[in-house]
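Shown next, in structure tokens, is the structure this report addresses.
Chain letters run A, B, ... following the sequence lines, proteins first, then strands; residues in each count from 1. Only heavy atoms go into these numbers, but all of them, side chains included; no hydrogens, no water, no symmetry mates.
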Amino acid sequence: MDCKKIEKKWQDIWDSKEVFKAITGSEKPKYYILVEFPYPSGSGLHVGHVRSYTALDAYARCMRMKGYNVLFPMGWDAFGAPAEQYAIKNHIHPSVAVKENIKTFKNQIKSLGISFDWSREFATTDPEYYKWTQWQFLKFYENGMAYKAKKDINWCPNCKMGLSNEDAAGGVCERCGTKVVQKEKEQWMLRMSDYSESLIEGLKDTHFADKIKLGQINWIGKSVGAEVNFKVKIDGIPSDEVITVYTTRCDTLFGATFMVLAPEHPLLEKLSNKIKNIDEVRDYQKYAKEKSTFERTELTKEKTGVKLQGIVGINPVNGEDVEIWIGDYVMMGYGTGAIMAVPAHDTRDYEFAQKYNIPIIQVLEETTGTPADNEFKKNSIVAVVYDPKKDKYLTINWHNLGGRLFIGGTIKDGETPLECAIREIKEETGYTDLKLEYITPLINHHYYAYNKDKYFNINSTGLYFTLNSETLEDTNLDDDEKFTVEWVSKDEVLQDITDELHKKTFEYIMTPGAMVGDGIHINSGFLDGLNKEDAINKMIEFLESKGLGKRQVNYRLQDWIFSRQRFWGEPIPLVYCEHCGWVPVPYDELPVLLPDVAEYEPTDDGESPLAKIESWVNTKCPKCGGKARRETDTMPNWAGSSWYFLRYMDPRNDKCFASPEALKYWGKVDWYNGGMEHTTRHLLYARFWNQFLYNIGLVPNSEPIDIRVSHGMILGSNNEKMSKSKGNVVNPDDIVREYGADTLRVYEMFIGDYEKDAAWSVESLRGCKRFLDRVERLQNKLNDQKGYSDEAIANKTIKKVTYDLANMKYNTVVSSLMILTGAYEKLPSITKDDYRLLLVLLNPIAPHITEELNEANNLGDLICNSSWPTYDEEKTIDDKITIGVQVNGKLRGSIEIEKDEEEESVLNKAKTSENVVKHLEGKEIIKTIVVPNKIVNIVVK
RNA sequence: GCUCGUAUGGCGAAAUUGGUAGACGCGAUAGACUCAAAAUCUGUUUUCUAUAUAGAAGUUUCGGUUCAAGUCCGAAUACGAGCACCA
């Protein structure tokens, strides 16, 4: 069969009959299927595009046959840096290259037979489209949602462009990989952070995959905590100055021994004449500013800071002085730009305190063991001695009296934990030449002492020593202390030491640092004895009642930096007038068109190339008619894609972005497919944009998308991402030419789990070609009978294909159709109904060949105009079923039964089946389980 | 570091609610057709023991629940993704 010819033939038929046209307002139920529109790059369509387009095409075709009015549109996200750079290099207008690329893309997609409704096609670069993007921006502006702010922005010195935090992820420019630097610039911002909560809440109205919801929630980064006010003492005298910190752990306030301000914190300027070491502070500020955000956030980096001289804070709960530091591990952009530092219970504060010798106060104690009534309290130690020469730990083995332990003991009156530990080590083992490495946090341990028949609750200190030399002195043991002293390896420690306290102590010793877990509070005044959660609530209550702080929610999500210093983007429709300030371009003057010039260069000072085009920049103020200049920044790439799904509903409307009727009829996108890389940023922007339009009454739904799924990537045959440099790129055109579009489509559906990455395989592709050839050959064995030759497999296959198509299990759709084909091959002949069924079920995935075979054999109407086959649940199970028989859960045979056969009779067959008999011989049957039509299990003794 | 995900033959993978693990495809291999090759068709193909009937082991590892676990629970390891000094 000549694939090329028949593919073209059917594509033309579909086109001329407009079978894929969506009718706004049709009586049929609507269904909106959307696949992310591509950026039409110069390199053409990628086989990855083919995967998602085919998948959604298959679903769209199936839904049409099921009687839905399906909207399945396609367009072009055509603003973007590559087109601009190409244009600069070749001195042409970017729109020229974009037109060319779109043409290529469109031809490629058409050659695949994807059932897009091309009558709704548009590009974000069409003035008729970006007119409405600008219009909507003005709505943001009008509603106070857009503002200009001086921002330290991420600046790419290579692209000469400001980047959003998202675009500069990892500290490098997303486009060119150049290291991003900080630059101060006036930027248009959208108040996206106002929507933090509603973007989290709105997820409840969607059916996104859990991992996508989670990704969005993490990105928004909600945290619940408290703001706490610390009064400031200047030169030892309490002042009116207050530093407000944000913390999620206000329960540890009693352990706050210092505070850290971000280097940019405004208080530093305000109190510059009070800070004695202000020069040192200024140096540090300069040092911090020179580093990019990325460097500042690199975890491997050692913490740095400067202690402020002359001012200290006052801990609001105990009145103690707390040192004030500045340090670049505190960010101005999050919380209040100031923290209280609790080194005992925060890893970063701990590091900082260690480096600068700041006191560490433990206020939370982990608990082990089980509490009991009538406990006796005492303080004790657990000493771990390590011999670096032998790489072994000192333990004492109580054998059957208590197993292996470290050295432990009770602290006597007037003794410090260290003195106690040294005494106990000497008494029990004789070693004296020790070096103390460190002391762990206290552990609160409950236990029962058999020898004393008492319950104890102890505060235990862990001490870690290394052995300097083997110097031994006499031990001092009571007669009843029957143990042996043993040096053991780390593995033995982990294996043998089971006592909870000793185990936990060893854990602390192996991983020294802050105690960040839960426990009970100590050294914390009114919080003592409470756990973390209760203590947080009680502390907030306290702070609020005394006016010292309040409950506070913070989000990581920042406002959206909406300006780009680029040519190839939607111009921001505002003009600046010296008299009137920023004035919006009147709605009836939109769109603000990009100038039609082929020569422009990005500027070195960070202005948009548009700034140099005087004829474009200079304009009249719409308000006073005076001289004014246009805003020369353009919108980011994300703008056009934030609402394109609405435009598809009514793409040719020149009165509004989409008519209320169309918006109401099509409602939400029912099924939205895209790449995993867009599940945070693009999806959040689109949801934010839509929520805003909803709030001002312009769209009928707050959430624009119901189901969102994402596809895995197609990798090269070497399992790596396809790239020219690796030479593993597969061009879909080549595959279509050699194997046909249907083969490519079947293969990409069969390749594996749709949501996972999959590597390209030519062999497997050929297998799919073979499958289609087998389907074609079936036409030679048609008979004149009616109905299905095998009701069970027909019904089973309809059920499976229908279910799997709606659940993105495309690989098993193909495999069950292969099974059906195999079944037909085994029959001497098949009916036309048999064949037609296979072709209809296969049609969504291989539309050309199935239509052709259907027509050539006079099987019925065009498949694309037919209805989807239905199945009868009753008939999906064969009349005779083979089921397994287990004895004690092990498979020992299989029996053939009638569908829904009586349990008793099934059991009889099972018990008498040949191999099973052997396993039942001489055994007593305790229990039998018969799962109807599935399995029999006989339990014997 | 935190969050999430994944782990099944030589390979891509199936197994919808716990119910005959490895469907389907690739590759390999034996055979048929052919002068021959290609194409096609028919076997075999988780591993081990065995001539076979059959038996044992087996879904990363360890432990648990259950008549029954790839599937549920707990822990560990590895890989992948996202976030990353977020207080």
Side-chain angles (χ1 to χ4, degrees), chain A residues 169-171 210-215 217-219 221-223 225-226 245-250 252 259-260 262 294 296-301 303 327-331 333-342 346-349 351-352 516 554-557 676-677 679-680 746-747 750-753 755-768 770-771 773-774 777 799-800 803-804 807 809 811-819 821-822 825 882-895 914-915 918 926-940:
Chain A
D210 283 344
K211 65 172 173 181
I212 294 172
K213 282 189 183 177
L214 214 68
I217 289 168
N218 286 342
W219 193 274
K222 180 175 180 173
S223 99
V245 303
Y246 175 72
T247 177
T248 53
R249 291 296 305 276
C250 62
T252 61
M259 309 170 74
V260 187
F294 181 61
R296 273 182 68 172
T297 57
E298 250 189 301
L299 208 65
T300 48
K301 192 204 66 173
K303 299 217 167 6
D328 65 0
Y329 80 98
V330 175
M331 310 289 152
Y334 184 80
T336 59
I339 63 160
M340 67 177 207
V342 185
D346 181 281
T347 326
R348 297 147 299 171
D349 299 344
E351 268 176 58
F352 197 85
V516 295
N554 267 329
Y555 302 91
R556 218 163 56 201
L557 189 72
M676 201 59 211
E677 70 276 17
T679 54
T680 43
V746 170
Y747 169 61
F750 189 57
I751 196 166
D753 186 335
E755 291 184 272
K756 286 194 201 131
D757 293 352
W760 188 264
S761 154
V762 188
E763 286 82 15
S764 197
L765 176 75
R766 289 201 195 103
C768 293
R770 277 200 283 270
F771 164 59
D773 290 345
R774 280 162 62 200
R777 254 178 270 130
K799 183 182 174 184
K800 175 123 184 99
Y803 178 89
D804 285 354
N807 288 279
K809 291 162 157 289
N811 51 344
T812 49
V813 170
V814 177
S815 91
S816 58
L817 292 171
M818 285 171 169
I819 293 169
T821 304
E825 282 168 340
T882 308
I883 64 167
V885 181
Q886 298 179 330
V887 178
N888 284 348
K890 276 187 187 290
L891 188 71
R892 295 302 181 189
S894 60
I895 53 173
E914 198 189 343
N915 198 41
K918 280 196 282 181
I926 301 169
K927 192 174 177 183
T928 54
I929 294 106
V930 179
V931 184
N933 299 333
K934 287 265 168 78
I935 204 163
V936 177
N937 192 7
I938 303 168
V939 187
V940 298

Nearest of [options] to any side-chain atom of [X]?
{"X": "A:R770", "options": "B:A57, B:A23, B:G27", "value": "B:G27"}
{"X": "A:T812", "options": "B:C24, B:A15, B:A57", "value": "B:A15"}
{"X": "A:R892", "options": "B:C85, B:G55, B:U16", "value": "B:G55"}
{"X": "A:I339", "options": "B:A87, B:C85, B:U16", "value": "B:A87"}
{"X": "A:K303", "options": "B:A15, B:C85, B:G82", "value": "B:C85"}

Span that lies between the C1' atom of B:C73 and that of B:A23, in whole angstrom: 29 Å
May I ask you to check whether A:D804 and A:T812 show a side-chain donor-acceptor distance below 3.5 Å?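 Side-chain D/A pair, A:D804 to A:T812: present.
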Please classify B:G82 as syn or anti, treating any glycosidic angle within 90° of 0 as syn.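 Because its glycosidic torsion lies more than 90° from 0, B:G82 adopts the anti conformation.
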Go ahead and name the base partner of [N]; Watson-Crick or wobble counts if both distances stay under 3.5 Å, otherwise write none.
{"N": "B:G18", "answer": "none"}
{"N": "B:G25", "answer": "B:C11"}
{"N": "B:U6", "answer": "B:A78"}
{"N": "B:A87", "answer": "none"}

Closest nucleotide of RNA chain B for A:G335 versus for A:D753: which of these residues is on the 5' side?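 Upstream on the strand: A:D753.
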If you look at every heavy atom in A:M340 and A:T252, which pair is closest and at what distance? CE-OG1, 3.8 Å
Within the structure, does a side-chain N or O atom of A:N218 lie under 4.0 Å from either OP1 or OP2 of B:C4? no
Between A:Y747 and A:W760, how do the two ring planes meet: parallel, tilted or perpendicular, split at 30° and 60°?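 Aromatic pair A:Y747/A:W760 classed perpendicular.
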